[in-house]
Structure formats: structure tokens, C-alpha cells
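Here is the structure we will look at.
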Amino acid sequence: NAGVTQTPKFQVLKTGQSMTLQCAQDMNHEYMSWYRQDPGMGLRLIHYSVGAGITDQGEVPNGYNVSRSTTEDFPLRLLSAAPSQTSVYFCASSYSLLYLQGGELFFGEGSRLTVL
Amino acid sequence: AQSVSQHNHHVILSEAASLELGCNYSYGGTVNLFWYVQYPGQHLQLLLKYFSGDPLVKGIKGFEAEFIKSKFSFNLRKPSVQWSDTAEYFCAVNALSNLFFGTGTRLTVIP
């Protein structure tokens, strides 16, 4: 098992550009989510999904889109990048909400995004 | 507003010193509480968790945490830190079908 795989690991964008951060898991996890990690602010939940075809907003969803067409993939789209979106992005997954309640959340290695 | 607060942003200790990191949450009702650790260059890992029962829970690597319901707190402790404990520590709460994290505390242990 590869676990949770994120690509790219590093990306530099110009303001206004769009891009997609990819996230894939091979553990047949129902729950997937995206967090952003910023200094002094910890991890903040952007969007999450409890299964294919189901997505919902987290704490800081503005400027981001997600979709969940398959169980394995949960891409995060930046529609028009802004400097405020400079951050480290983590994808995370869990077998189910029940497992999530138990803290069983598996993280990817992160994607560092810089918006100039 | 519902939140998870960690008041210590950066803690610097010498090896063998005792550690206590504070965590307070403001979610109502029954919550599950966690501490995660992020070692340099790595992703987050679960350190310990509390669901119910004994409010003193033990985790990996000698860490423990105490849940005090009346104070909405879940402080992390370790009697004697090691250089290898240098990392960032995040308190988290399971509420509203998600995990919400605190702002993190960076621990630096000096050999």
C-alpha cells in the first residue's frame, strides 16, 4: 500500500493562475479531506468527503473546489490563486467516520504551494 | 465560536526536563480528544487519544495526557523529554464529523 499520495510536492504559481493538487489513497477509505497548515494557525480544514460523490465545506473553503468522482481520488482545485493561499496542503483519509472519530486519520506528505 | 486552543507556541527545554503542553477546547457535548505529533519533515502521526473512562491516557514514547472536563482541557505531559521529541505537537478534537486541530506547539529539546 502506498497510503496517501499527494502530487506535486512543491509548486510555485503566479497570482490568478489555477492549479489542481492531486490526492490519491489505496486503502479503500471512505473519508478524505484537505487541510492547510500555516505558521501559528495549525491545520485548518478546507473541504472533506465522506464518500464518492459527496463533498462538503470545512473551516476555510473559499477559493477552493473539490470533487470526489472515485473512492480513491480527491483533488483540490485552486480556481484563481492568491498570495493568501501560500501554504502547505495536506490530504488525509480515514476508513470511515467511525474510524475518524477514533483519530485514525492518515496524512499525505504534504504539498508546499507558493503564490507570487 | 468552537475552537481548539494551544497557548504555548514554542517551548524550549533541556533533555530530561519535564514537559506539559496545554490544550483547551470549546466544543460542547461529547468529544473525542487527540494529540498528534509532526516530526521535522514528516507528516502528522497520532500520539494518543481519549474517548471516555480514565481521564489519564497514555500514548507512545512515554507521553500521557489528562482530560479535565470541567476545564475543557486535555494537556499533554512527559516526565523526561529527549532530543528526539523535538517536533510540533497538535491537539485535536473530533466534533461535527471532523477533526479540528489547534494551532500547534513547537517543542525544541536541547541536548
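Just so you know, these numbers use all the heavy atoms, side chains as well, and skip hydrogens, waters and symmetry mates.
For A:Tyr99, the OH atom counts as loosely surrounded, since its 6.0 Å shell holds 12 or fewer non-hydrogen atoms of other residues, nucleotides or ligands. More than 12 heavy atoms of other residues, nucleotides or ligands sit less than 6.0 Å from atom CZ of B:Arg77. Within 6.0 Å of CD in B:Glu66 there are more than 12 heavy atoms belonging to other residues, nucleotides or ligands. Around atom CZ of B:Arg106, no more than 12 heavy atoms belonging to other residues, nucleotides or ligands sit under 6.0 Å away.
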Q.
Quick one, B:Tyr36 with B:Phe90, criterion ring-ring contact (aromatic ring centres under 6.0 Å, His included). Give me CA distance, side-chain angles, the key distance, then yes/no.
A. CA-CA 5 Å; B:Tyr36 285 80; B:Phe90 294 90; 8.5 Å; no
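Heavy-atom distances place no part of B:Gln45 under 4.5 Å from chain A, backbone and side chain included. If you measure heavy-atom distances from B:Leu44 to chain A, the contacts under 4.5 Å come from both the backbone and the side chain. Only the side chain of A:Leu45 comes within less than 4.5 Å of a heavy atom in chain B; its backbone stays farther off. A:Tyr48 touches chain B through its side chain: at least one heavy atom from C-beta onward sits under 4.5 Å away, while N, CA, C and O do not. Proximity to chain A (any heavy atom under 4.5 Å) is restricted, for B:Gln38, to the side chain, taken from C-beta onward. Within the 4.5 angstrom heavy-atom criterion, atoms from both the backbone and the side chain of A:Leu43 approach chain B.
Put simply, the side chain of A:Gln25 reaches to within 4.5 Å of the side chain of A:Ser93, judged on heavy atoms. With contacts defined as side-chain heavy-atom distances shorter than 4.5 Å, the pair A:Met27/A:Val4 qualifies.
Ranked by heavy-atom pairs under 4.5 Å with chain A, the list B:Leu46, B:Thr105, B:Asn98 is led by B:Asn98. Contact count versus chain B (heavy atoms, under 4.5 Å) is highest, among A:Ser94, A:Gly58, A:Gly108, for A:Gly108.
Residues A:Ser87 and A:Arg112 bring no donor and acceptor atom of their side chains to less than 3.5 Å of each other. Using modelled atom types, one finds no donor on one side chain facing an acceptor on the other under 3.5 Å when comparing A:Thr7 with A:Gln22.
Annotation: cation-pi pair B:Lys78/B:Phe63 present, NZ/CZ under 6.0 Å from the ring centroid and within 45° of its normal.
Listed by sequence position, A:Tyr31, A:Tyr35, A:Gln37 are the residues of residues 29-38 of chain A in contact with chain B, using a 4.5 angstrom heavy-atom cutoff.
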